[in-house]
2 protein chains.
Amino acid sequence: MPPYDPSAFPPFAVTVDLVVLTVRRHALCALAVRRGEPPFQGRWALPGGFVRADEDLAEAAARELVEETGLHAYPPEGSPPPAYGAHLEQLATYGDPKRDPRMRVVSVAHLVLAPDLPAPRAGGDAHSARWAPVESLLDQEGSAHTREGDLTAPLAFDHARILADGVERARSKIEYSSLATAFCPQEFTVGELRRVYEAVWGVALDPRNFHRKVTGTPGFLVPTGGTTTRQGGRPAQLFRAGGATLLNPPMLRPEV
Amino acid sequence: MPPYDPSAFPPFAVTVDLVVLTVRRHALCALAVRRGEPPFQGRWALPGGFVRADEDLAEAAARELVEETGLHAYPPEGSPPPAYGAHLEQLATYGDPKRDPRMRVVSVAHLVLAPDLPAPRAGGDAHSARWAPVESLLDQEGSAHTREGDLTAPLAFDHARILADGVERARSKIEYSSLATAFCPQEFTVGELRRVYEAVWGVALDPRNFHRKVTGTPGFLVPTGGTTTRQGGRPAQLFRAGGATLLNPPMLRPEV
DNA sequence: TCAAAAGTGTTGGGGATACACCCATGA
DNA sequence: TCATGGGTGTATCCCCAACACTTTTGA
């Protein structure tokens with residue numbers, strides 16, 4: 001690595017952007033905020049912001065997450081999730097020279113998986129924030145839009161691409177890890193966990209085989225002893241996420 | 001995202017670092033360059049350099065790769081590899097405020113998988129460059145070192161961590177993709193491909209079952225019609241990498 | 001003739017799918 | 001009593017591990 005020569009290598013702005021996913025009403029949803037100023041004023045975007053001089057990338061992402069949602073993140077290999085904890089991991093970095101028309105910005109995107117939350121609170125400069133089904137945020141290619149800021153307008157910057165990458169990461173990662181439990185409250189039933197898989201993958205799973213599979217995988221689920229009938233029908237056992245992070249053998253995602 | 005205020009958010013230097021892996025003499029090896037100046041002068045490090053004002057992150061990584069090795073990278077979803085092509089993909093981004101003692105540097109690490117190469121040529125400011133088995137570069141915790149620049153000294157900066165992440169990515173990715181062929185020359189035998197898996201995973205695989213598995217996976221291997229006896233024994237069919245990128249079902253990595 | 005590597009056949013078992021069937025509650 | 005979701009049992013199939021065995025070369 002040669003010495004740093006600012007004239008040859010101009011400085012970059014570094015930001016973090018967040019793909020915050022949750023499952024609401026049987027659909028995979030992402031958090032979107034409305035931009036309050038140009039460029040893309042009035043359009044929807046992923047939450048994010050500049051990294052500060054003294055903080056690590058993960059710290060910056062966790063700070064933005066609290067500012068935008070009130071959620072506290074726990075580290076990937078950390079202790080069990082707190083009451084309103086969320087999984088946070090680095091996703092990828094986007095640095096196309098033209099991705100921001102104002103200046104050279106490199107954005108380190110992070111992926112957050114959160115349980116179903118109360119309505120998000122708009123933080124910082126965002127005019128508003130909301131959960132939107134990921135398909136409604138992604139299937140916007142070339143459609144006619146009535147006005148800027150319409151929920152059917154494409155996301156600002158390259159955020160559609162970032163969101164698509166985050167969704168793909170989540171879809172593949174719940175196959176071979178216990179991360180799907182990050183979408184559930186602290187205590188949940190096997191059926192609720194199954195509906196998470198169904199929403200994220202967009203498929204129907206056999207309830208009987210799913211039940212056998214997840215309860216038979218050591219360390220995946222820990223029974224709490226309680227039961228609930230909040231889904232109707234026969235009372236269901238309540239579970240917490242177990243210590244296992246890797247699923248072996250993995251959950252099999254049906255061919256589409 | 002608030003407006004950019006340089007006083008609140010000082011600029012960052014952005015670099016790319018490369019984890020270049022190959023298989024030589026039945027061992028997984030990484031490319032290391034000797035640092036020519038402080039900090040960590042004389043110590044081994046991963047190749048890398050600053051991102052220029054007008055280039056994308058992947059472009060910067062490909063440029064550094066050519067400068068350091070003469071290798072040309074092909075994109076993940078691109079056309080078949082050229083003669084000395086190598087697989088290149090983004091790995092992760094490292095931005096600890098203290099990772100470089102001189103200033104705030106955010107490094108976007110990339111992973112390169114290359115076939116066995118002629119001896120690397122030292123480029124740029126590196127005093128020298130060499131292939132080293134990854135264990136010899138990683139198993140350096142707390143050992144006594146005779147002198148700086150010794151091959152047994154730990155890697156500079158946080159490069160040991162970056163290398164470990166790259167190795168782990170390669171180990172897991174050859175399970176479910178055809179990426180192991182990136183370690184092979186354009187034409188190769190099933191036995192040579194098997195020795196790649198064995199070197200990367202550090203295990204022994206059953207030659208008979210491996211043969212059936214890879215030749216039975218549609219799109220993985222395409223016979224070229226030729227044969228070779230360069231490994232001794234009965235002549236073996238030569239293959240090229242097929243179009244398939246994802247392996248379904250995956251190669252199973254034996255339990256350790 | 002022998003060593004070495006390539007390749008084929010066969011067998012047994014684990015786990016997945018598909019689906020019949022029973023269980024325990026609220027309305 | 002019925003609808004609803006929870007949970008168990010079972011047959012079939014596919015794939016993988018293990019390993020005996022044959023093939024084709026160089027030395």
Side-chain angles (χ1 to χ4, degrees), chain A residues 25-26 174-176 184 187-199 201 203-240 244 246-256, chain B residues 25-26 174-176 184 187-199 201 203-240 244 246-256:
Chain A
R25 288 183 258 112
H26 212 278
I174 64 174
E175 288 187 55
Y176 59 88
C184 294
E187 296 202 346
F188 53 89
T189 70
V190 171
E192 288 162 351
L193 182 63
R194 175 172 49 82
R195 280 179 277 276
V196 163
Y197 275 92
E198 292 177 329
W201 283 345
V203 297
L205 299 175
D206 186 298
R208 289 87 51 113
N209 293 334
F210 182 88
H211 186 280
R212 209 194 333 268
K213 170 82 175 173
V214 297
T215 55
T217 299
F220 191 6
L221 300 183
V222 177
T224 66
T227 62
T228 182
T229 59
R230 62 191 175 214
Q231 302 288 346
R234 166 176 167 180
Q237 276 186 272
L238 284 168
F239 294 87
R240 281 199 320 273
L246 255 41
L247 262 37
N248 219 281
M251 292 294 305
L252 289 193
R253 181 175 175 180
E255 316 275 330
V256 180
Chain B
R25 285 183 260 113
H26 212 278
I174 64 174
E175 288 188 55
Y176 59 88
C184 294
E187 297 201 345
F188 54 89
T189 69
V190 172
E192 289 163 351
L193 182 63
R194 175 171 48 81
R195 279 180 277 276
V196 163
Y197 275 92
E198 291 177 331
W201 284 345
V203 297
L205 299 175
D206 185 297
R208 291 89 56 129
N209 293 333
F210 183 88
H211 186 280
R212 210 194 333 268
K213 171 80 175 175
V214 295
T215 55
T217 299
F220 191 5
L221 299 183
V222 177
T224 67
T227 62
T228 182
T229 60
R230 61 190 175 214
Q231 302 289 344
R234 168 176 166 179
Q237 276 186 272
L238 284 169
F239 295 87
R240 281 200 317 276
L246 256 41
L247 262 36
N248 221 280
M251 293 293 306
L252 288 193
R253 172 157 40 161
E255 315 277 329
V256 182

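Hydrogens, waters and symmetry mates play no part in the numbers below; they use all other heavy atoms, side chains included. In what follows, every chain begins at residue 1, and chains take the letters A, B, ... in the order their sequences are listed.
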Distance (rounded to the nearest 0.5 Å) between [X] [atom1] and [Y] [atom2]:
{"X": "A:F188", "Y": "A:R240", "atom1": "CZ", "atom2": "CZ", "value": "9.5 Å"}
{"X": "B:M251", "Y": "B:W201", "atom1": "CE", "atom2": "CH2", "value": "5.5 Å"}
{"X": "A:L252", "Y": "A:N209", "atom1": "CG", "atom2": "CG", "value": "11.0 Å"}
{"X": "B:R195", "Y": "B:L205", "atom1": "CZ", "atom2": "CG", "value": "11.5 Å"}
{"X": "A:T215", "Y": "A:F210", "atom1": "OG1", "atom2": "CZ", "value": "9.5 Å"}
{"X": "B:R194", "Y": "B:T189", "atom1": "CZ", "atom2": "OG1", "value": "8.5 Å"}

Letter per nucleotide, 5' to 3', of nucleotides 8-16 of chain C [B base touched, S only sugar-phosphate touched, - untouched; heavy atoms, 4.0 Å]: BBB-----S
Looking only at non-hydrogen atoms, find the nearest pair between [X] and [Y] and report the distance.
{"X": "A:A244", "Y": "A:P218", "result": "CB-O, 4.0 Å"}
{"X": "A:F239", "Y": "A:V190", "result": "CE1-CG2, 3.5 Å"}
{"X": "B:E192", "Y": "B:E187", "result": "OE1-O, 4.5 Å"}

Donor-acceptor contact below 3.5 Å, side chain A:E198 vs main chain A:H26: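 The answer is no, because no donor-acceptor pair under 3.5 Å joins these two groups.
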First and last nucleotide of DNA chain D, 5' to 3', lying under 4.0 Å from heavy atoms of chain A: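 So the outermost contacting nucleotides come out as D:dT4 to D:dT10.
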Under 3.5 Å, sequence neighbours excluded: what are the donor-acceptor pairs made by side chains of residues 221-229 of chain B?
unit_1: B:T224; atom_1: OG1; unit_2: B:G226; atom_2: N; d: 3.3
unit_1: B:T224; atom_1: OG1; unit_2: B:L238; atom_2: O; d: 3.3
unit_1: B:T228; atom_1: OG1; unit_2: B:R230; atom_2: N; d: 3.1

For nucleotides 24-27 of chain C, which of its nitrogen or oxygen atoms have a protein nitrogen or oxygen under 3.5 Å away, and what is each distance?
none

Side chain to side chain donor-acceptor pair (under 3.5 Å) partners of A:R25, counting only residues at least two apart: none
Separation of atom CG in B:L221 from atom P in C:dG7, rounded to whole Å: 11 Å
Atom-to-atom span, CZ of A:R253 to C1' of C:dT17 - whole angstrom: 19 Å
CA sep, side-chain torsions, deciding dist, call: A:V214, A:Y197, side chain to side chain contact (heavy atoms under 4.5 Å, CB included): CA-CA 12 Å; A:V214 297; A:Y197 275 92; 5.5 Å; no
Nucleic acid contacts - residues 190-199 of chain A versus DNA chain D, non-hydrogen atoms under 4.0 Å: A:G191, A:R194, A:R195
